[in-house]
Protein chains: 2
Amino acid sequence: MKTRDKILLSSLELFNERGERNITTNHIAAHLAISPGNLYYHFRNKSDIIYEIFQEYENLVDYYLDIPEDRAITLEDLTFYLESVFDGLWSYRFFHRDLEYLLDSDPRLRRDYREFTNRCLAAINRIFGKLAEAGIIEPQPEELRSAMSLNVWLVITNWMAFLKTAHASEESASLTLTELKQGIYQVLTLEIPYLTPEYRERVMVLREKYRPVLPEAAPA
Amino acid sequence: MKTRDKILLSSLELFNERGERNITTNHIAAHLAISPGNLYYHFRNKSDIIYEIFQEYENLVDYYLDIPEDRAITLEDLTFYLESVFDGLWSYRFFHRDLEYLLDSDPRLRRDYREFTNRCLAAINRIFGKLAEAGIIEPQPEELRSAMSLNVWLVITNWMAFLKTAHASEESASLTLTELKQGIYQVLTLEIPYLTPEYRERVMVLREKYRPVLPEAAPA
DNA sequence: CTATTATTAGAGTATATACTCTAGGCAGTC
DNA sequence: GACTGCCTAGAGTATATACTCTAATAATAG
């Protein structure tokens with residue numbers, strides 16, 4: 001593998017594990033057993049590394065959230081979208097952790113992220129539309145649908161922070177993909193009241209698969 | 001005012017304005033025109049300052065979220081809770097920005113914050129219970145109520161980050177309390193499907209007061 | 001083989017950061 | 001007036017961090 005790609009890969013790995021704030025360019029170089037000079041030959045600065053990683057993330061999610069225009073949407077599609085979004089969140093989990101700082105230090109990133117968010121919101125909105133078309137949820141006025149989409153986005157992007165900050169376990173490193181995907185339970189909770197009678201049961205069964213197993217309240 | 005209190009006040013102000021990550025103890029001392037030595041006479045380290053500020057925040061929110069046991073809850077109560085929580089979020093807005101890092105660097109903070117979150121979730125849950133008792137929302141099974149409470153919490157604690165990262169304006173400093181309180185619109189959106197016919201209109205009118213004024217999509 | 005270009009090592013640097021240490025001032029008290 | 005305890009100044013330090021510079025080594029082209 002090219003050194004350049006190794007830098008991106010190691011950076012992502014280290015950022016995810018220990019947080020962008022705790023990883024310096026020297027750490028990355030040391031981890032790869034290359035010199036700092038070498039790293040800076042491939043990237044002008046740390047921001048450029050992060051920016052490029054973000055673009056990978058962006059492409060991944062854009063790819064997953066490509067909603068078909070020509071056919072109806074199914075419950076399997078919905079599952080796929082949800083699973084994919086949380087997979088993406090997991091693979092690039094360092095990003096949301098220091099989001100505000102990162103956007104403050106890189107105008108390109110701020111602009112791109114804003115557009116990325118808007119695309120995601122639009123995709124969620126379209127999914128809601130198609131779910132209504134498919135008779136899975138009741139159709140709702142556009143105004144409500146937008147607000148609901150935004151709530152879905154807020155729940156999705158905050159679920160990981162909730163797990164890492166409020167969860168019972170002491171070590172923050174203990175987060176797993178399985179736990180993260182329990183966020184799907186929370187997202188489906190938002191949709192419950194809008195489900196059509198025909199689909200209600202099926203969605204409730206799907207939701208149940210992601211129910212968090214409470215680790216707290218151990219017997220005294 | 002005592003130097004110690006001035007340090008806490010200035011720290012909070014600077015953290016809120018520029019982010020904890022961008023503010024050093026030397027900055028704080030300089031801002032107060034005192035020596036670093038003086039600052040470190042009053043606080044052992046930066047973490048201690050942050051911890052103490054968190055305790056103020058905690059006390060404030062605990063005070064606001066004291067749900068009366070002896071009487072029914074009204075729509076005015078609900079408004080008060082929502083306004084208060086967003087006021088608190090505003091006054092200590094630096095805190096959620098770097099939450100994960102802060103908790104990683106201070107075990108006391110991690111423990112206290114986890115308990116704080118649980119208290120907030122319990123309070124939201126109780127509010128839902130009392131809203132049902134008051135006939136404002138339909139009663140729901142405990143399991144659903146818990147999941148809804150968690151979603152409310154996720155929306156509340158992520159709303160500010162959304163504004164700061166995804167909003168149209170370029171400068172992140174431009175956030176206002178008014179904008180922040182539009183998060184109430186999002187929270188009330190979650191409750192819409194559960195409203196009783198008697199209260200539906202009143203809540204919808206209340207919600208309308210917080211409707212965001214879209215700054216985007218200006219005429220071309 | 002030679003010339004050029006791409007890649008790498010590694011020492012080095014300017015700046016920042018959290019924090020320490022010593023000396024001394026100031027208010028109150030006997 | 002001397003003593004005491006609280007508070008403050010300010011120079012200083014060890015370490016870290018993002019990044020640079022030079023020289024050398026591969027890789028490639030003619």
Side-chain angles (χ1 to χ4, degrees), chain A residues 1-54 94-95 97-110, chain B residues 1-54 94-95 97-110:
Chain A
M1 194 190 301
K2 294 258 185 203
T3 302
R4 198 188 145 82
D5 294 326
K6 283 200 254 176
I7 293 171
L8 289 173
L9 216 66
S10 277
S11 299
L12 176 58
E13 185 188 328
L14 291 171
F15 289 162
N16 277 342
E17 269 172 22
R18 299 178 42 203
E20 178 271 340
R21 187 169 176 177
N22 298 314
I23 295 298
T24 72
T25 47
N26 291 347
H27 284 134
I28 300 166
H31 184 256
L32 284 168
I34 66 173
S35 64
N38 194 356
L39 186 147
Y40 278 91
Y41 169 76
H42 290 285
F43 293 93
R44 273 215 338 277
N45 51 44
K46 197 181 173 188
S47 253
D48 276 10
I49 299 178
I50 294 165
Y51 184 58
E52 206 144 319
I53 295 179
F54 167 70
F94 86 93
F95 189 69
R97 176 176 163 151
D98 288 302
L99 187 55
E100 292 192 42
Y101 175 83
L102 296 176
L103 300 196
D104 277 348
S105 14
D106 191 341
R108 295 170 303 176
L109 199 58
R110 175 173 293 284
Chain B
M1 195 191 301
K2 295 257 183 203
T3 302
R4 198 188 144 81
D5 295 326
K6 282 199 257 178
I7 292 171
L8 289 172
L9 218 65
S10 277
S11 299
L12 176 58
E13 186 189 328
L14 292 172
F15 289 161
N16 277 342
E17 271 172 20
R18 299 177 44 204
E20 178 270 339
R21 187 169 177 177
N22 298 315
I23 295 297
T24 72
T25 48
N26 291 348
H27 284 135
I28 300 167
H31 184 256
L32 283 168
I34 65 173
S35 63
N38 194 355
L39 186 146
Y40 277 91
Y41 170 79
H42 291 285
F43 293 93
R44 274 214 338 277
N45 50 44
K46 198 182 173 188
S47 252
D48 276 10
I49 299 178
I50 294 165
Y51 184 59
E52 206 144 318
I53 295 178
F54 166 70
F94 86 93
F95 189 69
R97 174 174 164 154
D98 287 302
L99 187 55
E100 291 191 44
Y101 175 82
L102 296 177
L103 300 195
D104 277 349
S105 13
D106 190 341
R108 296 170 302 176
L109 200 58
R110 175 172 293 282

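To find a chain, count down the sequence lines: A is the first, B the second, and so on, and within it residues start at 1.
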request  = Give the rounded distance in Å between these two atoms: CD1 of A:Ile49 and P of D:dT17.
outcome  = 15 Å
Integer-rounded Å distance: C:dC19 P and B:Ile23 CD1 = 15 Å
request  = Return the value, rounded to whole Å, for the distance between atom CD1 of A:Ile28 and atom C1' of C:dA9.
outcome  = 18 Å
message = Is the phosphate of C:dC19 approached by B:Tyr40 (side-chain N or O, under 4.0 Å from OP1 or OP2)?
response = yes
request  = For B:His31 and B:Ile28, indicate whether the former's side chain and the latter's backbone hold a donor-acceptor pair under 3.5 Å.
outcome  = no
Charged N-O contact under 4.0 Å between A:Asp48 and A:Arg108 = yes
request  = Write down the distance between CG (A:Asp48) and C1' (D:dC19), rounded to a whole number of angstrom.
outcome  = 13 Å
task = Whole angstrom is fine here: how far is it from CZ in B:Phe43 over to C1' in C:dT20?
result = 18 Å
ask   = Is any side-chain nitrogen or oxygen of B:Ser35 closer than 4.0 Å to OP1 or OP2 of D:dG10?
value = no
query = The side chain of A:Asn38 lies closest to which of these nucleotides: C:dT8, D:dA18, D:dC19?
reply = C:dT8
ask   = Hey, does B:Ile34 reach any base, or is it just sugar-phosphate, or nothing, if we go heavy atoms under 4.0 Å?
value = sugar-phosphate
request  = Using whole Å, report how far NZ of B:Lys46 lies from C1' of D:dT15.
outcome  = 16 Å
remark   = Side-chain contact check for B:Lys2: nearest option of C:dA9, D:dC7, D:dC19 is D:dC7
message = Can you tell me which residue among B:Phe15, B:Tyr101, B:Phe54 is in a ring-ring contact (aromatic ring centres under 6.0 Å, His included) with B:Phe95?
response = B:Phe54
ask   = In whole Å, what is the span from the CG atom of B:Leu39 to the P atom of C:dA18?
value = 11 Å
request  = Would you indicate, yes or no, if D:dA18 has its OP1 or OP2 atom less than 4.0 angstrom from a side-chain nitrogen or oxygen of A:Thr25?
outcome  = yes
ask   = Between C:dT17, D:dC7, C:dT8, which nucleotide has the shortest distance from any of its atoms to the side chain of B:His42?
value = D:dC7
request  = May I ask you to say whether A:Asp104 pairs ionically with B:Arg97, meaning some side-chain N is under 4.0 Å from a carboxylate O?
outcome  = yes
note = Of the listed C:dC19, D:dC19, D:dC7, the closest approach to the A:Asn26 side chain comes from D:dC19
request  = Using heavy atoms to find the nearest nucleotide of DNA chain D for B:Arg4 and B:Arg21 separately, return the residue whose nucleotide is more 5′.
outcome  = B:Arg4
query = Does a side-chain N-to-carboxylate-O contact under 4.0 Å join B:Glu20 and A:Arg21?
reply = yes
ask   = Counting just side-chain N and O atoms, does B:Tyr41 come under 4.0 Å of either OP1 or OP2 of D:dC7?
value = yes
